[in-house]
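Residue numbers start at 1 and run along the sequence shown.
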Amino acid sequence: MVQASSLSKLNKLGKVQLSKNFYMREFLYSEIAAQYQLSNYPDNPDAAIMAGKQLCENLLEPLDANFGRLVIRSAYRSPEVNDFGNKNRLNCARNERNFGRHIWDYKDSEGNAGATACIVIPWLASQVIKGKEWQSMAWWIHDQLPYSSLYFFNNLAAFNIRWCEIPERRIDSYAPPKGTLTKPGMENWEGDHSRHYSWFPQKIQ
């Protein structure tokens, strides 16, 4: 059970504004932590805030500005929460794999800071239901934003989006067609991909 002092720290952290439209509280909710009464408080709050600000300012704010409200499905995980999720097969990779990803306050194996959030864009979800392809959004982000990696899922056209100090710029998917859409070295990685999203309105809002 979360103690009073821990609750006070968590409340203070949640009020930190990461960017114009996003506060830390949105990224701290964890279904695993809530269900199993685990603490989702970072070991290194300042590092988590720094990475979270980069994720929000560079990636989430432009998406929000162009496509409307974003829904945060899963974002920050403490090492305790992530380790529990991994050991109990709750769709969490090992801590070492999630450093600089869902575990924002630890650098990845290459020594780079990073942060990942799993998001749903309701506008995109509605378009996919109508028969549009998730790849359109993948290519728009690839051409427009300094992302490091994207991973698309079946439900609600949700996807993981990662900011990293040295971006990899790779797109993978569990949604059909599964596999790697692009990565450095692939023929389709460079160039203009606007034909894939030519149907996008200039601005959704």
Side-chain angles (χ1 to χ4, degrees), residues 18-19 21-22 26-27 51-77 82 85 91-94 97-104 107-110 112-129 131-200 204:
L18 299 178
S19 64
N21 292 298
F22 295 98
E26 298 176 73
F27 302 92
K53 284 184 175 182
Q54 296 298 322
L55 171 68
C56 291
E57 291 173 356
N58 290 291
L59 302 178
L60 302 190
E61 287 289 356
L63 287 170
D64 180 271
N66 282 276
F67 302 104
R69 177 176 176 266
L70 310 183
V71 178
I72 310 301
R73 285 285 297 115
S74 175
Y76 176 78
R77 298 180 199 144
N82 191 81
N91 296 319
C92 298
R94 292 180 300 106
R97 174 61 181 162
N98 258 330
F99 289 157
R101 292 174 172 81
H102 281 293
I103 303 175
W104 297 2
K107 294 185 177 182
D108 66 19
S109 60
E110 302 298 320
N112 298 312
T116 291
C118 181
I119 67 172
V120 171
I121 302 175
W123 177 82
L124 175 63
S126 69
Q127 297 302 312
V128 170
I129 289 173
K132 299 294 187 181
E133 297 181 338
W134 60 264
Q135 294 97 319
S136 298
M137 181 59 70
W139 286 122
W140 186 92
I141 294 172
H142 187 74
D143 286 352
Q144 306 292 331
L145 303 180
Y147 79 102
S148 180
S149 63
L150 303 174
Y151 219 122
F152 283 78
F153 304 101
N154 276 310
N155 293 334
L156 300 174
F159 58 96
N160 281 352
I161 182 166
R162 183 191 184 210
W163 169 84
C164 181
E165 289 181 297
I166 300 180
E168 181 180 11
R169 298 184 59 78
R170 171 178 177 144
I171 304 172
D172 295 280
S173 180
Y174 285 118
K178 297 180 181 180
T180 301
L181 177 64
T182 194
K183 64 179 179 179
M186 287 182 66
E187 187 175 343
N188 65 355
W189 190 75
E190 296 182 312
D192 176 34
H193 307 89
S194 59
R195 67 187 183 279
H196 294 286
Y197 50 87
S198 59
W199 56 275
F200 279 19
I204 305 305

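Proximity of W163 to E165: side-chain heavy atoms (C-beta onward) are separated by under 4.5 Å at one or more points. At a threshold of 4.5 Å between non-hydrogen side-chain atoms, the residues S19 and E57 count as touching. Within the 4.5 Å cutoff, side-chain heavy atoms of I121 are placed close to those of M137. In this structure the side chain of K53 never reaches within 4.5 angstrom of the side chain of L55, judged on heavy atoms.
Between the side chain of E61 and the backbone N or O of C56 there is no donor-acceptor pair closer than 3.5 Å. Here the side chain of S136 pairs a donor or acceptor atom with the backbone of H196 at under 3.5 angstrom. Panel note: side chain W134, backbone P176; a donor-acceptor pair is recorded below 3.5 Å. A side-chain donor-acceptor contact under 3.5 Å links W189 to the backbone of R169. Of the possible polar contacts, none joining the D143 side chain to the D192 backbone as a donor-acceptor pair under 3.5 Å is found. Between the H102 side chain and the A75 main chain, a donor and an acceptor come within less than 3.5 Å of each other.
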Inset, instruction - Run the numbers on N160 and F152 for side-chain contact (heavy atoms from CB on, under 4.5 Å), then give the verdict. - result: CA-CA 6 Å; N160 281 352; F152 283 78; over 6 Å; no
Inset, instruction - Quick one: do V128 and L124 satisfy side-chain contact (heavy atoms from CB on, under 4.5 Å)? Show the steps, please. - result: CA-CA 6 Å; V128 170; L124 175 63; 4.1 Å; yes
Inset, instruction - Using the side-chain contact (heavy atoms from CB on, under 4.5 Å) rule, take N98 and R94 through it: C-alpha gap first, then chi angles, then the decisive distance, then the call. - result: CA-CA 6 Å; N98 258 330; R94 292 180 300 106; over 6 Å; no
Legend entry - Audit row: N66, W140, side-chain contact (heavy atoms from CB on, under 4.5 Å) steps and yes/no: CA-CA 11 Å; N66 282 276; W140 186 92; 3.9 Å; yes
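Under the 30°/60° scheme for interplanar angles, the aromatic rings of W199 and W123 are found to lie parallel. In this structure, H142 and W139 have perpendicular ring planes: the angle between them is above 60°, well past the 30° mark.
Of all heavy-atom pairs spanning L145 and P62, the tightest one is CD2-CB, 3.6 Å. Minimum heavy-atom separation, A158 to V120: CB-CG2, 3.7 Å. The minimum heavy-atom distance between F159 and F153, with the atom names listed, is CA-CD1, 3.9 Å. Closest heavy-atom contact between I171 and A138: CD1-O, 3.7 Å. Residue C164 comes nearest to N112 through the heavy atom pair SG-CB, 3.6 Å, listed as atom of the first residue, atom of the second, then distance. Nearest heavy atom pair, residue L60 against residue L70, reads O-CD1, 3.5 Å.
In this structure, a donor-acceptor pair under 3.5 Å is present between the side chains of T180 and R170. Under 3.5 Å, the side chains of S149 and E168 contain no donor-acceptor pair of N or O atoms.
Distance check: L150 CG to I161 CD1 gives 5.5 Å after rounding to the nearest 0.5 Å. Annotation: the span from N188 atom CG to K183 atom NZ amounts to 11.0 Å, rounded to 0.5 Å. Taken to the nearest 0.5 Å, the CD1 atom of I72 stands 6.5 Å off from the CD1 atom of I119. Within the model, atoms CZ of F200 and CZ of F67 stand 5.0 Å from one another, a figure rounded to the nearest 0.5 Å. In this structure, OH in Y147 is found 13.0 Å from OG1 in T116, a value given to the nearest 0.5 Å. The SG atom of C118 sits 10.5 Å away from atom CG of N91, with the distance rounded to the nearest 0.5 Å.
Across R162, R97, R101, a single residue satisfies side chain to side chain donor-acceptor pair (under 3.5 Å) together with D108, and that is R162.
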